[in-house]
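When a ligand or atom number is given, it counts from 1 through the structure's own listing order.
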Amino acid sequence: MTDSVVRPSEGIDWTLECLACGATSTAEGLPTVCICGQPWLVRYPDRRPGIKQRAEVRRRHSMWRFRDFLPLRPFEEPVTLGEGDTPLLRLRRTAARLGIPNLWLKDEGCNPTGSFKARGLSAAITRATAAGANRFTLPTAGNAGIAASAYAARAGAEVRVFAPDTTPRTILSQIDTFGGTLVLLDGHIGDCGKASRAWAAESGAFDLSTLREPYRIEGKKTLGLELALQMAWKMPDVILYPTGGGTGLIGMWKAFLELKEHGWVEGDLPRFYSVQSTGCAPIVKAFAEGADRAEIWADPWTVASGLRVPGALGDRLMLRALRETGGGAVAIDDAVLVEAAETVSREEGVDVSPEGGAALAALEVLVGRGEVDRGETAVVFNTGAGWLYRTPTELRGKR
Ligand SMILES: *Cc1c(COP(=O)(O)O)cnc(C)c1O
């Protein structure tokens, strides 16, 4: 070993690509979005050393077991809390009730910080702190704020979190627990985004918003990589995903395409179904209209706060993933998604969030319509833990 200083670009063997305009870029420093305003996606070189060794990932832990598919330099350790490695559970009772025997639930509520947002922010904060950033800002519908606060703390950095004042109190309290500076606004995540960008311009804090930097999506990609590993490198027929900003959906789509490219899986990709609330369903509407962009949803409201995203920067990519995989999009009423979460929590002992409830209710709809065949293998994502949406006092007097 020498004590020479590592150059900032050393070991960065990936590049950035914009699917909207075809531009490419190197990945040094703190990349944001393409000059055309659309998100950058990360491209890795074909010959990364570990990419030919599928068995190797079994010997490692956390989502970083897939480091050969992730933006990490060979000598680097990530900013981690042990995210990923969440259970893939077979739902036997729910399966019997819905009449679809091969039903699985990926329980992302078991992540550090209680949601799959941990995956994205572990990756984004790893890269941003490696490039020298130590102050962050982001708008959130809730769970991203918890994850950003925890991973910023882990990295010894600061974060300012802009959240709607209607965000569940337990989520806000978790942001505070991990030391994020909370700013509550009377509005939705779009309004919080404007305030966060203004703060970034004023203070120099780095903006961690969904798809405004290229690495959260790389962390989310591990949802798909891990699912493939847990299913012994066979892809399911159908994936139901509660959709807000869309990084989970786009990330999984990218994951399966990369696994196919390197020969880790074979065959058709799963059909992706995006699930939203009828109170905020811009992607469902755009899909139904055959549009390639989604209009901003006016007056968005849903108790599934992670789905209250009226306009997403990733709309084109999401719609493309749904169409290219032969999937679709379903909107569920709040009363129905809440009931589905309660029913499956009691039926299976899993703490289902309202967003997870939406995905479970959507499966029932799709099976009813015959869009999902009873013989198919379906995977539903419970993106977060249900307890984050409850306050202890709500228990009193109930039942
Ligand atoms: C953020 C969030 C979503 C939406 O995820 P995207 O990847 O942004 O579409 C769904 N469920 C929960 C619990 C969330 O926190």
Among all the protein's non-hydrogen atoms, which is closest to atom 7 (O) of ligand 1, and how far away is it? G248 N, 2.9 Å

Taking R374 for its side chain and V367 for its backbone only, find out whether a donor-acceptor pair lies under 3.5 Å. no

Touching ligand 1 at all, T247? Heavy atoms, strictly under 4.0 Å? yes

Starting from atom 10 (C) of ligand 1, what is the nearest protein heavy atom, named by residue and atom, and what distance separates them? T383 OG1, 3.5 Å

For P242, the atoms of ligand 1 under 4.0 Å from one of its heavy atoms are 4 (C), 10 (C)

Less than 4.0 Å is my threshold; does some heavy atom of F116 fall inside it relative to ligand 1? yes

Are any of the N/O atoms on G244, whether in the backbone or the side chain, positioned under 3.5 angstrom from an N/O atom of ligand 1? yes

In Å, rounded to the nearest 0.5 Å, how long is the span from OG1 of T278 to CD1 of I332? 8.5 Å

Which bit of E108 gets closer than 4.0 Å to ligand 1, counting heavy atoms only: side chain, backbone, both or neither? neither

So do F136 and Y151 actually touch side chain to side chain, heavy atoms under 4.5 Å? no

Does E218 reach the main-chain N or O of P71 with its side chain, forming a donor-acceptor pair under 3.5 Å? no

Closer than 4.0 Å to some heavy atom of N143 - which atoms of ligand 1 meet that? 13 (C), 14 (C), 15 (O)

Please test T129 against N134 for side chain to side chain donor-acceptor pair (under 3.5 Å), starting from the C-alpha separation and ending with a verdict. CA-CA 6 Å; T129 51; N134 63 5; over 6 Å; no

Any idea which protein heavy atom is nearest atom 6 (P) of ligand 1, and the distance to it? G246 N, 3.4 Å

Determine the sole option in R65, K221, R119 for which the salt bridge (Lys or Arg N to Asp or Glu O under 4.0 Å) test with E226 is passed. R119

So, the side chain of E376 versus the backbone of V238: is there a donor-acceptor pair under 3.5 Å, distance only? no

Please report which non-hydrogen protein atom sits nearest to atom 8 (O) of ligand 1, along with the residue it belongs to and the distance in Å to one decimal place. G245 N, 3.0 Å

Do any N or O atoms from the side chain of S196 and from the backbone of C192 form a donor-acceptor pair under 3.5 angstrom? no

For atom 14 (C) of ligand 1, find the nearest protein heavy atom and state the residue, atom name and distance (0.1 Å precision). K117 NZ, 2.9 Å

Once you restrict to heavy atoms under 4.0 Å, what part of Y389 touches ligand 1? Side chain, backbone, both or neither. side chain

